[in-house]
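Heads up, the thing below is written out as structure tokens.
Each chain gets a letter, A, B and so on, in the order its sequence line appears, and its residues count up from 1. These numbers come from a predicted model, not from an experiment.
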2 protein chains.
Amino acid sequence: MSETPVIRFGVIGCADIARKVSRAIKLAPNATLHAIGSRSIDKARRFAAANGYPEDAKVYGSYEEVLDDPEVDAVYVPLPTSLHVRWAVVAAQKGKHVLLEKPVALNASQFDEIIRACESSGVQLMDGTMWMHHPRTNQMKDFLSDAHRFGQLKSIQTFFTFAADPDFLENDIRAKPDLDALGSLGDEGWYCVRAILWAANYELPKTVIASRNPVFNKAGVIMACGASLHWEDGKVATFYCSFMANLAMDITAVGTKGTLHVHDFIIPYEEKEASFYAASESGFDDLVTKWASQPSKHTVNTDLPQEVLMVREFSQLVTEIKFKNSKPEMKWPTISRKTQLVLDAVKASIEKGFEPVQIEE
Amino acid sequence: MSETPVIRFGVIGCADIARKVSRAIKLAPNATLHAIGSRSIDKARRFAAANGYPEDAKVYGSYEEVLDDPEVDAVYVPLPTSLHVRWAVVAAQKGKHVLLEKPVALNASQFDEIIRACESSGVQLMDGTMWMHHPRTNQMKDFLSDAHRFGQLKSIQTFFTFAADPDFLENDIRAKPDLDALGSLGDEGWYCVRAILWAANYELPKTVIASRNPVFNKAGVIMACGASLHWEDGKVATFYCSFMANLAMDITAVGTKGTLHVHDFIIPYEEKEASFYAASESGFDDLVTKWASQPSKHTVNTDLPQEVLMVREFSQLVTEIKFKNSKPEMKWPTISRKTQLVLDAVKASIEKGFEPVQIEE
């Protein structure tokens, strides 16, 4: 029996989210924290110490050194969105597999540069949408795919909001036009749009219309917005995202035969268990004074938190490429790109005064 | 001590919903079933027998006879929407208080005729939106009104869908252009719009935009539709209604400090208790791997079902007019009219190819 190969990660940048993903790399059975790089070596040292990096982990004072380290198999890129195209492309060119934070780019054409670089080098590309990897997500998908229990999707509404403090709204990287320039749309809207596409089997909507009255900060970055998405078969989705409302993350999806409710789809209430509510062929009693049956609660347990499962899945794909000459799994960049295309359409609709925008693949 | 006055109801029409409301009149402590009228006296007799009318209840072969019965204090009007203006106006002219099914009319100008007739006669007018009278509704409103627990409303999404059989989609009165001509919008959309206005303290939105791809039946009646509603302060609401999706009735409302979730707002799962979920100042743990606290479930008990509370409230208002010379309570027709104005705007937006429609009071 050979040992499970372990994929060596280099992390470029010490963003807050890199703390959570560093822990995930540490906990994943097939991954290890090999290197951390920051523009400041002191910052990198402090980050490594605070986040349980192994004593022999490499600590670099630049991103380049991480990418030039021949022992690094894969890089995790938590940098601001505006830097993604530059660093993901260089990483791919240097043969590193790329786990890339979301939103993957400022627009789909930038992301296409990243895809091309990864394809040229034969490296795996995956975005950091953690909830996709929770076993609950698969169980919810089984329900949505069940012709008897859920039927055909008709409408889906999603929310992702949280209440940032006033300092965030001016000074967080998600509030800066030269950093995470897509603001709330890129940060929160990404999850809403992904959930909608996921429920719609990744069929892109035909038309996207932004909601009126998005909120911008003084620098012109979106702090709150929403949109409706329309398919030719009549299916309709809406979402709302905001940095200025209480934390909420809901999916309500209605099909011809069933209903799905979930209130914590992005980050489950608890790390090791997560629930959703499913109803099928719901109805009333004869006099329409109560329901014949109530939605059932489904609880899914997981030993490993969803971000660990993400790292494990990514590392497994990298292992198959590295040791078995497999091709990169294109499912992941494909759904990243579709998500980005819808974000682009929402942004374009806002810029065009809330006109409908057609999506062309 | 004088006995509680009992308001004598006449019911005009034997629609299915009249079964439920007849039971509610029977159960209300201050109301009694005095008369039932149908265009067919046989049908009226069968209805009275099947629905527990008192042995001495009057059974009439016309609506006129109910309205001409001097002992009838109030009429309940479950007739198709297209007949509301005619019969509600006659009822008011004959001095009867009017409990009117929703949607209250085919458009707001028709409803204004009803309001004027009721004002001229000094009779109470109320629509049949039962959930408004459930004690849960007041508790949810207390939460939404709490500056500390919920804050300022930012976004609300509502659903009302049910899966009608194919026969319904062609032959139910809600599928007929000469009867409930507003179809799903009038029947289901009414509740969605009412919930949105209720949450927004009945402040009308400035702009209404219908969703693309509403579904019409062969006769041109709306079977499914949706819309987004926009206020000047940036607040946004969306709703979706359909006769062709599983039964679902959700409100998700997000404020600056709190979140409200309810899955059965129109007809509670159970007759005597109903729940909602409230969250305040929600947040994550330090590493953003789980929530610091979960929404709390609030269960509200009621001895009397919500439709009985509706009849009791209406009868109480009638009693105060009849015995205490009070004026009719204008709150009820005012919110009916606002609901109708929004429905009118959704319909206008659909007819104008999904253009934004401004609401003028």
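- Of all non-hydrogen atoms in B/Asn246 and A/Val254, the two that sit nearest each other are O-CG1, 3.6 Å.
- For a residue to count as touching a neighbouring chain, one of its non-hydrogen atoms must lie under 4.5 Å from one of that chain's; by this rule B/Val236 touches chain A with the side chain only.
- Of the atoms belonging to B/Phe239, it is backbone heavy atoms, and not side-chain ones, that fall under 4.5 Å from chain A.
- Only the side chain of B/Pro356 comes within contact range of chain A, with heavy atoms under 4.5 Å apart.
- Proximity to chain A (any heavy atom under 4.5 Å) is restricted, for B/Ser280, to the backbone atoms N, CA, C and O.
- Taken to the nearest 0.5 Å, the OG1 atom of A/Thr289 stands 9.5 Å off from the CD atom of B/Glu270.
- In this structure, chain A has a heavy atom under 4.5 Å from the backbone of B/Thr158, while its side chain stays farther away.
- Scanning residues 297-309 of chain A against chain B with a 4.5 Å heavy-atom cutoff picks out A/Glu307, ordered by number.
- Here the options are A/Ser282, A/Ser293, A/Pro295, the test is side chain to side chain contact (heavy atoms under 4.5 Å, CB included), and the partner is B/Tyr269; only A/Pro295 passes.
- The aromatic rings of B/Tyr277 and A/His263 sit tilted relative to each other, their planes meeting at an angle between 30° and 60°.
- Taking the side-chain contact (heavy atoms from CB on, under 4.5 Å) definition, one finds that A/Thr256 meets it with A/Gln152, A/Lys154, sequence neighbours left out.
- With a threshold of 4.5 angstrom between heavy atoms, B/Ala279 approaches chain A through its backbone and through its side chain.
- The stretch residues 222-231 of chain A places A/His230, A/Trp231 near chain B, each with some heavy atom under 4.5 Å from a heavy atom of that chain.
- When side chains are defined from C-beta on, A/Arg19 does not count as touching B/Val288, because their heavy atoms never get closer than 4.5 Å.
- Taking the side chain as every heavy atom from C-beta outward, B/Trp291 and A/Leu247 approach each other to under 4.5 Å.
- Neither the backbone nor the side chain of B/Ile17 comes within less than 4.5 Å of any heavy atom of chain A.
- To the nearest 0.5 Å, the span separating OG1 on B/Thr207 from CZ on A/Phe354 amounts to 10.0 Å.
- Every pair passing salt bridge (charged side-chain N to carboxylate O under 4.0 Å, His left out) that includes a residue from residues 206-216 of chain A is listed here, sequence neighbours excluded: A/Lys206-A/Glu232.
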